[in-house]
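Let me begin by presenting the structure, written as structure tokens, before commenting on it.
One-based numbering along the sequence shown. Keep in mind that the numbers below use all heavy atoms, side chains included, and drop hydrogens, waters and symmetry copies.
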Amino acid sequence: MNFKTTLIIVILLIGIGGAYYLFFQGSPDDAATDEKPTISQVYGVTSDTVQQVEISFADTAYQHLKLEKDGTGNWRLTKPIQVDADGEKVKQVLEDILNKRIKQTLEVPALTQYGLDNTPSITLSLWTNGTTPAATFLIGKKAINFSVYAKEKSEPHIFLIESSALDDLTKSTTDLRDRSMINFNTETVSGIQLQQKDIGTTIHCEKRGNIWHVVHPIEAKADAEEIETLLSELRALKVSTFEADGADANVPTHLEKYGLDTPRIQAQITGIDNTYTLNIGSAVPADNGTQGQVYVKGTNHQDAIYTVSEDVYNLLNKSVFELRDKRVIDFQRIDTIRFEIKHDKETTVGTRNYDDTWELQTPAGKIKADADAVSDLIFGVDSLEATAFVDGPIKNLASLGLAPPAIAVAFTQRGEEKPAVLLIGNRTQDGSVYVKAEQSEQVVRVRPALIDNIALGAAWLRDKQVLNFHIDDAVRLTFASSGEEPVTCQRLGTNWRITAPVQENANNVEVNAIIYELDDLMAEAFVGGDSMSVGFEKPNVQLTVELRNQKVYTLQIGTADASGRFYARLQHEPDLIFLLNAELVPKLKTTLALLRTSEQGAP
């Protein structure tokens, strides 16, 4: 092929490519111009402007539907029954059909073959205002390419839209009705009344100002969080199935069948301008194919019996104890600047410093506090809840260990003259403890865990670091393990030497590893108890460290407790016993063999 022929072929190819681009690709602007319009654009109807909808079907299995928007903008089904509609679902149906694009417009001589004569598959009428529909659309037979024939009733031509329009419009009453079990504004509820057949109790709670109170069968402050959770979860529950509507829902035999003639629970929720009622009937039988459901009849669906998750029963089947405020004492923990624990003849005082650290004043003097333990104390007491209330006026507080109290804990808050005081009394047979706020007449029982820690006083609240020295300050170490001969090491410059029972170079890595553990030694907890009963007469491990300033500390490690932690103490503070992590103890053990180097003898 010569050069001239090649040039001609190239020119032809360029020409063909240009023609293809011009005739088949077009410009982006051309593509936008050719985009098909939607039904909404062509007929000027949007979902927001529609005030009334009617949908009828050629298939008699589906009921004629009529929906109307009321003066408040809410949708209601008015045919075949009058009930509230689900506004979001109605809006979705309207948007689905009105946003369909008109693929093609056709002029046809007859409508029969397109299913658009006297009996279209679906007829959709939309009103925006007035008594005449703004548009009535007929949906006919399916066409090729996933399309369906349609037309506006008053126009002669027909058009093609996506066949999904059939599914979008084929709805039942159940599909569109509101499934909210109960509609109320949780922010404006001012009262709750629960009549409970199962336990024969009526509980009434009222909101006074911003505070909830139990007003029957007792007068007490209510648990606002519990009530708000109840209302919120109640508001969120949805109807599962509708069992009966209209007159059928009020037939005595039907009410009896579903346990609604004498409801297990009748709840009344009082709002600003309305009272909402819910009757909770019997559980749906397991053989019904729907487990975990109960029958309900209420304000939202007054002329309907329906099923809802049994969660509604659990929500409303509350005892007075569950609904009343169970907090024992109320104070502002973040504003607490001082606390005082009086137990027997010992007083422990904690004060907050300017840098928010805490310091303890104990009979032995001032010591650093454990920030986490102090936080647990303040937060624990502020959130302490009753496990039971002692009913009626208490004539003899002394019998409960509350006059005088076994323990008194006072919390002083910034800007307050009087502290909030918790009085702690005797332990009961079930292990709980009697307590009361000093300014309250109410005596309650609480779980013992926090109280047991408070009883430890400074032992619980003190800083958990056992020793505090710089590793370079250690000059002599003596190791003694149960059944082993004591070994002493002396620092010589930066190296260590064994001085007893032999004299030779020591394994620096082994000795320094133990010094690091001692320097970082932290107690998991300080505890009381008889030192003779936890193995200190013959310690499991005993380490003595001597510092450059001639201070000497001897750590004794005894037996393990039930959790596997080891009891320990410093020999010069025999009554201050603490617990060490079980994984730490093996790191503090050593032997002569481990301390010796591979090169034995003096250098």
| If we only count heavy atoms from C-beta on, is the E438 to L422 side-chain gap below 4.5 Å? | no
| message | Can you confirm whether the side chains of T544 and T554 place a donor and an acceptor under 3.5 Å from each other? | response | yes
| Neighbour count above 12 (heavy atom, 6.0 Å) for N210 CG | no
| For the residue pair W212 and L231, what are the closest heavy atoms and their distance? | CZ2-CD1, 4.3 Å
| said: Would you say Q413 and T336 are linked by a side-chain donor-acceptor pair, where the criterion is simply a distance under 3.5 Å? | reply: no
| task | Could you pull out the closest heavy-atom pair between A523 and F526, with the gap in Å? | result | CB-CE1, 4.0 Å
| query | How far apart are the closest heavy atoms of K436 and L402, and which atoms are they? | reply | CD-CD1, 4.2 Å
| said: Distance alone, cut at 3.5 Å: any donor-acceptor contact between the side chains of T348 and Q361? | reply: no
| said: Can you see whether F578 has R569 sitting over its ring - NZ or CZ less than 6.0 Å from the centre and within 45° of the normal? | reply: no
| said: If only side-chain N and O atoms count, and only distance matters, is there a donor-acceptor pair under 3.5 Å linking S432 with T387? | reply: no
| query | For K368, does the NZ atom have more than 12 heavy-atom neighbours from other residues, nucleotides or ligands under 6.0 Å away? | reply | no
| Should K418 and E416 count as an ion pair when the cut-off is N to O under 4.0 Å? | no
| message | Can you tell me if K589 has over 12 outside heavy atoms packed within less than 6.0 Å of its NZ? | response | no
| Over 12 non-hydrogen atoms of neighbours within 6.0 angstrom of NZ in K89 | yes
| request: May I ask you to check whether T270 and S190 show a side-chain donor-acceptor distance below 3.5 Å? | output: no
| task | Have a look at V374 and tell me which of D370, D376, I378, D372 forms a side chain to side chain contact (heavy atoms under 4.5 Å, CB included) with it. | result | I378
| query | With a distance cut-off below 6.0 Å to the six-membered ring centre and an angular limit of 45° from the axis, does R264 pair with Y313 as a cation-pi contact? | reply | yes
| request: Apply side chain to side chain donor-acceptor pair (under 3.5 Å) to Q195 and list each qualifying residue two or more places apart in sequence or on a separate chain. | output: none
| request: Work out which heavy atom in V214 is nearest to a heavy atom in L323; give both atom names and the distance. | output: CG2-O, 4.1 Å
| message | Applying side chain to side chain donor-acceptor pair (under 3.5 Å), can you list everything that pairs with R548, at least two apart in sequence or on another chain? | response | none
| message | Between the side chains of D178 and R76, is the shortest nitrogen-to-carboxylate-oxygen separation below 4.0 Å, so that they form an ion pair? | response | no
| So does E219 have more than 12 non-hydrogen atoms from other groups sitting under 6.0 Å from CD? | yes
| note | Exactly one candidate in K326, K318, R324 meets side chain to side chain donor-acceptor pair (under 3.5 Å) with E226; the answer is K318
| remark: Correct closest heavy-atom pair for V189 and F184 would be CG2-CD1, 3.6 Å
| request: Look at E524 together with R565 and state whether they make a salt bridge at an N to O cut-off of under 4.0 Å. | output: yes
| query | How many angstroms lie between atom OG1 of T428 and atom CG of L400, to the nearest 0.5 angstrom? | reply | 10.5 Å
| Distance (rounded to the nearest 0.5 Å) between Q439 CD and L423 CG | 9.5 Å
| message | Can you give me the closest heavy-atom contact between V381 and L450, atom names plus distance? | response | N-CD2, 3.7 Å
| field | Side-chain ion pair, D452 and R427, N-O less than 4.0 Å | value | yes
| request: Could you verify whether a donor N or O on one side chain and an acceptor N or O on the other, from D84 and W75, lie under 3.5 Å apart? | output: no
| task | Could you tell me whether F321 atom CZ has more than 12 heavy atoms of other residues or ligands within 6.0 Å of it? | result | yes
| Among N183, N185, T186, the one residue meeting side chain to side chain donor-acceptor pair (under 3.5 Å) with R235 | N183
| request: Supply the atom-to-atom distance T478 OG1 to E546 CD, rounded to the nearest 0.5 angstrom. | output: 8.5 Å
| salt bridge (Lys or Arg N to Asp or Glu O under 4.0 Å) between R327 and D223, worked out | CA-CA 9 Å; R327 288 185 62 191; D223 185 334; over 6 Å; no
| Are R177 and F242 in a cation-pi contact, defined as NZ or CZ under 6.0 Å from the six-membered ring centre and within 45° of the axis? | yes
| said: Looking only at the aromatic ring of each residue, does the gap between the centers of Y295 and Y306 stay below 6.0 angstrom? | reply: no
